[in-house]
Amino acid sequence: MDKTYQPEQIEQRWYQHWEQSGYFAPQGDGKPYCIMIPPPNVTGTLHMGHGFNQMVIDTLIRYHRMKGDKTLYQPGTDHAGIATQMVVERQLNAQNITRHDLGREKFLEKVWEWKEHSGNTITRQLRRLGTTPDWSRERFTMDDGLSDAVREVFVRLHEEGQIYRGQRLVNWDPVLHTAVSDLEVISEEENGFMWHFRYPVADADGNTTDEFLTVATTRPETMLGDSAVAVHPEDERYKHLIGRQVVLPLVGRLIPVVGDDYADPEKGTGCVKITPAHDFNDYQVGKRHNLELINIFTIDACINDVAPEQYRGMERYAARKQIVADMDALGLLAEIKDHKLMVPRGDRSGTVIEPYLTDQWYVDLTRDVQPDGRPGGKAAIAQPAIDAVESGKIRFIPGNWVNTYNHWMYNLDDWCISRQLWWGHRIPAWYDNAGNVYVGRNEDEVRNKHNLPADLALRQDEDVLDTWFSSALWPFSTLGWPNVDDAALKNFYPTQMLMTGFDIIFFWVARMIMFGIKFMGDVPFHDVYIHGLVRDAEGQKMSKSKGNVLDPLDIIDGIDLESLVAKRTSGMMQPQLAARIEKATRKQFPDGISAHGTDALRMTFASFATAGRDIRFDLQRLEGYRNFCNKLWNAARYVLMQCEDQDTGLNASLPVEYSAADRWIISLLQQTEAEVADHIDNYRFDLAAKAMYEFSWHEYCDWYLELTKPILGKANDNQTAKRGTRQTLVRVLEAALRLMHPIMPYITEEIWQNIKGLAGVSGDSIMLQPYPVADTALIDQAALAEIEWVKAFIMGIRRIRSEMDIKPGQVLDVLLQNWSASDKAMYATSEAFARTLAKVGSVTWLEAGADAPESATALVGEMQILIPLAGLIDKDAEIARLSKEIEKLLKNLTGLEGRLNNPAFADKAPAAVLEQTRKQAEEQRVALGQLQGQLEKIRAL
RNA sequence: GGGUAGUUAGCUCAGUUGGUAGAGCGUCGCCCUUACAAGGCGAAUGUCGGGGGUUCGAGCCCCUCACUACCCACCA
């Protein structure tokens, strides 16, 4: 093995080997274990959030594969309708081409080209992250098979009456010219105004009178579409006007005054203008009062020809300005107030969304429908999805997300699934010239089903489906559905778990549950692990416009400052931000980012993976885990140095002897194995990572490797003991590597390949080896106690040495006092350890009452280690040291005694706690007595 | 307006049936000790957001307040 750990030299090599060997495909007859990839959008490249998600999923996948489960990680990508179409449109726009210039067909060719490019980038990135999906099963939401599934679901739901077409008010994006779902609308508070307009009340002949109703509005331009004014039916101020009419200013239309609860007497003036075609509330009021729907906008949100001539063609905000000015000129503008309001914007275009009247397709998720499709049964789609979570069949981790899920599920609206885009699944509906609609899997089917003559012209619906419609089918469409006999479907559905971010619980998780139950008759997964967002070190969301985005591959491979700056400042939608981003980047990464390797990144993600909590990505933490990799690397080099070409106990007929240290580390390994498995089973990757780190570094490296040195050194010629220790050294390492492999696949593979023979193991790859299982029979309590004792002994001496400024190399003679038979026995078996690790010279066991020279002191239990001062130790320093120690002990003891002296404590605390507290207090009293005695002795000198 | 989560060492975070606090990084000493200076050894560090309550005992349970973040909502 090379002297230094260089991840770039091992990672790609092993990945290629694994992939070429076909190790990612499900194998064996074990229990099926399957996770679906949350399909990345083919909009570009993977970000840190993907990296986190993928690496944790892959940890589970590798873990289960090693456990012998028949494991499938199902890969694929999502066509991501609007998002992808926008990416390609932007590229065309840069060349001054619009998609309309190209036409639908040519444009789609361009998008497919982009999809190839982006999809390849993504799969390449996934490979670099070390994830192990079965690439032969890779799917794309617009593949033929998956598109079949989409049509099948659409047709079936339509046949059952749960998909319908209707004219309704939708969220309209006037820039993208498409409807968007409620979830795609982001409302944010913005500063605006509230305008008060006076509408003249009309007399019986329809002429204006001197009486006015004052209405308040935040959207003056919509008055052109007003079809009523509403007041509360009980409002004494206005109730006499109900049934009368007002003259709509600027338009001249007579509109009724209606009484409706919607008008709140407490709010504004108590009168509210009703614009049913441009406001969701007003739409409902309009329905109740049979009001006319007057659409005044074009698809661009400009004033259309329904409006008075002077406003036609005006952009909505220009119209607003003009209308306010005109009302003012007429003396009908009563007041303008500053007003904060929630402004709805499209999450993709950022433009203000208009409620707009259009024909769209909807899925009714809540209507009661019997299994045979007739109305009247239990809600067919939403309710079973609620029940599945309620009953615990699907579990959210952490559990509090159930509330979020339920809240949404209990308030479902019909899902608008049509989008006026080109990129996506074309809606399987055909129209004839008479306007009749036919739904079917394809045109032939439609013609056959409805006996349509061959010469009847049919044209397919221009619209495509919401991208989440196909995502909702992902858990079964990727496994071969609608072919219900597909082996993969039978094997792996339902899958075991889903791992995703909270931001798509509604978009995706809920809909997969609904459609999974609906079409497969069973939940799509059992556990839903919800993870947080990956943020930057300051806790800011990573985004291109903030310029704080990190690419997981740059962390793995490293990147120089100039490239990083270039990457962050290129292709920006707001180029004016570039200077600030450049400055911040140069400040934060003056030397760029050095290469850390995939394993360190995976370890970092694992240790940050506490469910539900956002992650502040901290490069310093990352560095710590790279150092950990380096530590492992060097430990392996030590093991090789000691074991290569040596007898590592492979010949079972030769005797072996295990030292206390051997038995101790074997015991700890069992405990760690049990702990790690438990933590992974509970999705506590942070604790699993911590247990691995703790064991490898602080027990195996810090103590065990050091403890092997006296045994394996030249001074010792006990071959049986050497054999036992070498065997332990290499076997514990081998097991630890398997233990850590799911999180750190590369370094564990590389080292494992180098030591497997010495450990008596064969196999082509660590990823195919069994996951270590704890054997409690191997836990040796005596060895654990003994090594704890040795550690205390060594640390006591080290402390004196450090605090007394004694050279590390200086051999120290020690005296021992107040020892017990067990102390003596422990020392006898571990003397070599103490001599090597603490540089102990001669040891004198003082009899009780024997005089000791002035010394520095450390305690091992009740035994006192004395290091004579003569020539070595500074009296004042020792006094200071002892005083400090005594103070600490005293503080502790006071607390314990305070508790013990409290009669209520003795009375009510459980016996075990009481006993433990007494014991602790007693120990500390003894220790305190010894230290105080020692302090007096030294003071007296 | 409703809801959820968070507030623990300088920083990032653990702390799972309530027994008086831990890790990593950073800091400060001493060491190039033959696996590792991306290292070793040692040390310092906290009124666990504020207040109240339950309890023998609260970081953990209850109430309340504050701040932060996010989610949901039809307010003219």
Side-chain angles (χ1 to χ4, degrees), chain A residues 1 3-5 187 194-196 215-219 230 262-264 267-275 279-284 339 341-342 398 400-401 403-404 407-408 411 502-503 505-506 532-533 535 537 539 541 594 596 600 607-608 610 612-642 682 684 686-687 690 693-694 698 701-702 705-706 709 713 794-795 798-803 805-809 836-837 839 884 892 895-896 898-899 902-910 912-914 916-917:
Chain A
M1 281 168 68
K3 185 158 189 217
T4 48
Y5 164 62
S187 288
M194 175 90 84
W195 288 271
H196 289 225
V215 298
T217 182
T218 55
R219 303 208 45 203
Y262 170 64
D264 182 350
K267 296 257 167 72
T269 62
C271 305
V272 57
K273 61 191 270 311
I274 302 297
T275 320
D279 183 284
F280 289 101
N281 289 310
D282 294 5
Y283 182 78
Q284 297 301 328
H339 183 70
L341 72 164
M342 298 297 278
N400 55 287
W401 289 106
N403 299 332
T404 308
H407 181 257
W408 192 68
N411 294 286
F502 59 84
D503 48 331
I505 289 178
F506 305 144
L533 251 46
R535 298 169 175 277
K541 214 162 158 171
S594 61
H596 291 84
S607 53
F608 272 125
T610 41
R613 208 173 151 137
D614 282 356
I615 291 169
R616 280 197 197 201
F617 194 82
D618 182 1
L619 278 169
Q620 289 189 319
R621 189 98 178 240
L622 176 74
E623 240 164 79
Y625 292 116
R626 185 196 51 190
N627 295 353
F628 176 61
C629 291
N630 189 53
K631 187 76 183 176
L632 274 181
W633 187 263
N634 284 301
R637 288 179 55 232
Y638 171 79
V639 172
L640 280 176
M641 189 185 89
Q642 294 291 2
N682 288 306
R684 285 302 306 264
D686 60 323
L687 297 180
K690 193 180 176 183
Y693 184 97
E694 193 74 20
H698 296 309
C701 290
D702 285 352
L705 293 191
E706 296 305 321
K709 287 176 183 175
I794 292 168
M795 287 192 289
R798 278 179 181 168
R799 226 172 132 188
I800 294 173
R801 199 187 278 280
S802 175
E803 287 174 13
D805 256 343
I806 302 171
K807 288 264 174 271
T836 316
L837 273 67
K839 296 252 160 42
K884 203 170 72 183
N892 235 315
L896 289 172
R899 271 202 278 167
N902 181 350
F905 176 70
D907 222 34
K908 301 197 173 171
V913 172
L914 193 62
Q916 198 201 340
T917 312

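So that the names make sense, note that chain A is the first sequence line, chain B the second, and so on, each numbered from 1.
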What's [X] touching, base or sugar-phosphate or nothing? Going by heavy atoms closer than 4.0 Å.
X         : value
Met342(A) : base
Asp264(A) : base
Cys701(A) : base

Please report the distance separating the [atom1] of [N] from the corresponding atom of [M], rounded so that it comes out in whole Å.
N      : M      : atom1 : value
A23(B) : G15(B) : C1'   : 10 Å
A21(B) : A14(B) : C1'   : 11 Å
U8(B)  : U20(B) : C1'   : 14 Å
U27(B) : A66(B) : C1'   : 32 Å

Interatomic distance, OG1@Thr917(A) vs CZ@Arg899(A), rounded to 0.5 Å, equals 4.5 Å
Please determine, for the side chain of [X], which listed nucleotide ([options]) has the closest atom?
X         : options                : result
Asn902(A) : C56(B), C30(B), A43(B) : C56(B)
Pro910(A) : G19(B), U12(B), A35(B) : G19(B)
Ala263(A) : A76(B), C56(B), A35(B) : A76(B)
Phe905(A) : A35(B), C56(B), U12(B) : C56(B)

Writing each nucleotide of RNA chain B 5' to 3' as (, ), [, ], | or . by Watson-Crick or G-U pairing under 3.5 Å yields (((((((..((((.....[..)))).(((((.......))))).....(((((..]....))))))))))))....
- Whole-Å distance between G40(B) P and Arg798(A) CZ?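 Rounding to the nearest Å, CZ of Arg798(A) and P of G40(B) are 11 Å apart.
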N/O (side chain, [X]) to phosphate O (OP1/OP2, [N]) under 4.0 Å:
X         : N      : result
Asn627(A) : G39(B) : yes
Arg801(A) : U33(B) : no
His407(A) : U4(B)  : no
Arg616(A) : U12(B) : yes
Lys631(A) : G40(B) : yes
Thr610(A) : A14(B) : yes
Arg684(A) : U16(B) : no
Arg613(A) : A14(B) : yes
Lys709(A) : A35(B) : yes
Lys690(A) : G24(B) : no

Contacts of Tyr625(A) and Leu687(A) projected onto RNA chain B by closest heavy atom; the upstream (5') one is Leu687(A)
- [ ] Using the closest heavy atom to pick a nucleotide of RNA chain B for each, name whichever of His339(A) or Arg535(A) lands nearer the 5' end.
- [x]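 Nearest-nucleotide comparison on RNA chain B picks Arg535(A).
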Is a side-chain N or O of [X] found less than 3.5 angstrom from the main chain of [Y], in a donor-acceptor match?
X         : Y         : result
Asp907(A) : Pro903(A) : no
Arg535(A) : Phe617(A) : no
His596(A) : Ser594(A) : yes

Taking 4.0 angstrom as the limit, do Arg616(A) and Asp614(A) come out as a salt bridge? no
Can you give me every donor-acceptor pair (side chain of residues 626-637 of chain A, partner residue at least two apart or in another chain, under 3.5 Å) with its distance?
from: Trp633(A); atom 1: NE1; to: Asp2(A); atom 2: O; distance (Å): 2.9
from: Asn634(A); atom 1: OD1; to: Arg637(A); atom 2: NH1; distance (Å): 2.7
from: Asn634(A); atom 1: ND2; to: Asn630(A); atom 2: O; distance (Å): 2.9
from: Arg637(A); atom 1: NH1; to: Lys3(A); atom 2: O; distance (Å): 3.4

